[in-house]
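To start, the structure itself, in structure tokens.
Proteins get letters first, then strands, A, B, ... in listed order; numbering begins at 1 in each. Predicted, not measured: the structure shown is a model, and the values here were computed from it.
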There are 2 protein chains.
Amino acid sequence: MATSTVENYLKEILVITLEEEISKVPMGQVAKVLGVTPGTATSMAKSLERDGWIKYFPRVGVSLTKKGKKLAMNMLRRHRLLETFLVETLGLDWSEIHAEAEELEHAISEKVLEKLDDFLGRPRFDPHGDPIPSKGGVIQQMTSKPLSEFPEDASVRIESIIDQNKEFLRFARKSNLVPGQLLKIIGKEVCADAITLKTLKGKVVNLGFRSAEKVLVLPYE
Amino acid sequence: MATSTVENYLKEILVITLEEEISKVPMGQVAKVLGVTPGTATSMAKSLERDGWIKYFPRVGVSLTKKGKKLAMNMLRRHRLLETFLVETLGLDWSEIHAEAEELEHAISEKVLEKLDDFLGRPRFDPHGDPIPSKGGVIQQMTSKPLSEFPEDASVRIESIIDQNKEFLRFARKSNLVPGQLLKIIGKEVCADAITLKTLKGKVVNLGFRSAEKVLVLPYE
DNA sequence: TCTATAATTTTGACTAATCAAAATAAATAT
DNA sequence: ATATTTATTTTGATTAGTCAAAATTATAGA
């Protein structure tokens, strides 16, 4: 069984791998994200390799083995589901959930996690808009999705507008709803059928759900 | 900051102290409940004393200091609130919640705990009927009395059912006579040997005096 | 009282995780 | 090509928590 220190190392290595699209994460970076000295990261790398979690390439960096990646993906799932719970159910602030989830993710059992997933309605994105890996450890393809499927506070980038309607397109352009534009969902009232957006420049736009379905976006950052 | 090992030692010492009403818990018992060898318990006792959590009386046992008791009470609060959450919200089975809460209680922050408390409606009893210590670490420990001793119009909360009889327990559960349930005595006919109760939801139940003696309650409000 | 048994403590050893600081290797600049 | 800077590894030490087994003390029995 992996200790929570091991879980943290693997998860952070995975996150860096995904974010920077590199195959070997240098030790300095590992040390930095985990808040330990470089020497600690190196000695940890050796014992992680001994236990089959990673491959360690001296003076180059580390990469996850299949077994390591599986565990790391599972940790990411835990983390993101917990963040969703903390925001959606308990109403915690966006800014404080990361640290909280960081602790809980090591303590929650597989069973409770699945119950929580049910309770939350099997969300596919966390409050930051990041995809929640499936139970099997597969991460959702980053194919663009309708704006309407994202939760409040999500940061997204417009990929495309799927509507031929000239009226709508004109409105969209006028409101800066163009591919490439970065947006934050600052309000989502399901009962009122309304979504409120803010562009990077601070411009605020309101959309109905019907329209929000026509705007395909990707989670950003 | 206390490690989770420290938290466990203190909590278990508290539980034994409460259950057996003794002031000094012998080391053998500490070792047993924590699943460690006696030598480990002894050496742990020394470091717990060094850090001011307990008083250690060699060859006799340990007792909690004020500081230790405060932390231990807080752990008990965490444990029981989490058990309540696991049953009430996630629908876990009664038999599995203890082990789950045992892990989570060390990971949940004070802030999340209070949010959870709000979310659950500030329950005062966990699913086993045990009282949940208040935020300040005070445990509500009025002595419960048989339902039969209370007058008409009294509002009470069920503390426990003292009967081994399966028939009666089944009936009690069916009638919602379970720990934590709030009741009002709406009729008491001494000559007819009968008590009439009403639950919060308006359900009316009749009990004979013999049965009412088996239901221990506390006055409520 | 004296001995057998039970409980407790001591001792020595081990693992996981960490740091500080010295040593080494690689990358960059001159 | 050499010196300087930066990244990485090694070394030696520390702390928390644990066990096994020997030593000690207390308890109870005859």
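- Against DNA chain D, the stretch residues 2-29 of chain A makes heavy-atom approaches under 4.0 Å through A:P26, A:M27, A:G28.
- In terms of modelled atom types and a separation under 3.5 Å, the side chain of A:S43 and the main chain of A:T40 share a donor-acceptor contact.
- The distance from the OG1 atom of A:T65 to the CG atom of A:L71 is 9.5 Å, given to the nearest 0.5 Å.
- One interatomic measurement links the two molecules: NZ of A:K46 to P of D:dT8, which rounds to 14 Å at whole-angstrom precision.
- Between A:V204 and A:K198, the closest side-chain pair of non-hydrogen atoms falls below 4.5 Å.
- Judged as a side chain to side chain contact (heavy atoms under 4.5 Å, CB included), and not counting sequence neighbours, the contacts of A:E20 are A:I16, A:I22, A:Q29.
- Annotation: B:F85 is not in aromatic contact with A:F119 [ring centroid separation under 6.0 Å not met].
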Protein-nucleotides 27-29 of chain C N/O pairs under 3.5 Å:
none

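- Residue pairs meeting the side chain to side chain donor-acceptor pair (under 3.5 Å) criterion with at least one member in residues 107-116 of chain B, sequence neighbours excluded: A:E96-B:K111, A:E100-B:S109, B:R77-B:E114, B:R78-B:E110.
- Taking only side-chain nitrogens and oxygens, A:T42 comes nearer than 4.0 Å to OP1 or OP2 of D:dT9.
- Between B:G39 and B:M44, the residue anchored closer to the 5' end of DNA chain D is B:M44, taking for each the nucleotide with the nearest heavy atom.
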Using a 3.5 Å cut-off and no angle test, enumerate the donor-acceptor pairs between side-chain atoms of residues 45-53 of chain A and protein atoms at least two apart in sequence or in another chain.
{"from": "A:S47", "atom 1": "OG", "to": "A:M44", "atom 2": "O", "distance (Å)": "3.2"}
{"from": "A:E49", "atom 1": "OE2", "to": "A:Y56", "atom 2": "N", "distance (Å)": "2.9"}

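- Remark: B:T37 is in phosphate contact with D:dC19, judged by side-chain N or O atoms under 4.0 Å from OP1 or OP2.
- Counting only distance, with no hydrogens or angles, the side chain of B:K70 and the backbone of B:G136 share no donor-acceptor pair below 3.5 Å.
- The number of heavy atoms from other shown groups lying within 6.0 Å of NZ (A:K32) does not exceed 12.
- A:E149 CD: more than 12 foreign heavy atoms inside a 6.0 Å radius.
- For the pair A:L48 CG and C:dA16 P, the computed distance is 11 Å after rounding to whole Å.
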Residue pair A:L197, A:L177: steps toward the side chain to side chain contact (heavy atoms under 4.5 Å, CB included) verdict: CA-CA 10 Å; A:L197 308 165; A:L177 299 182; 4.2 Å; yes
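- Within residues 49-61 of chain B, the residues approaching DNA chain D are B:R50, B:R59, by heavy-atom distance under 4.0 Å.
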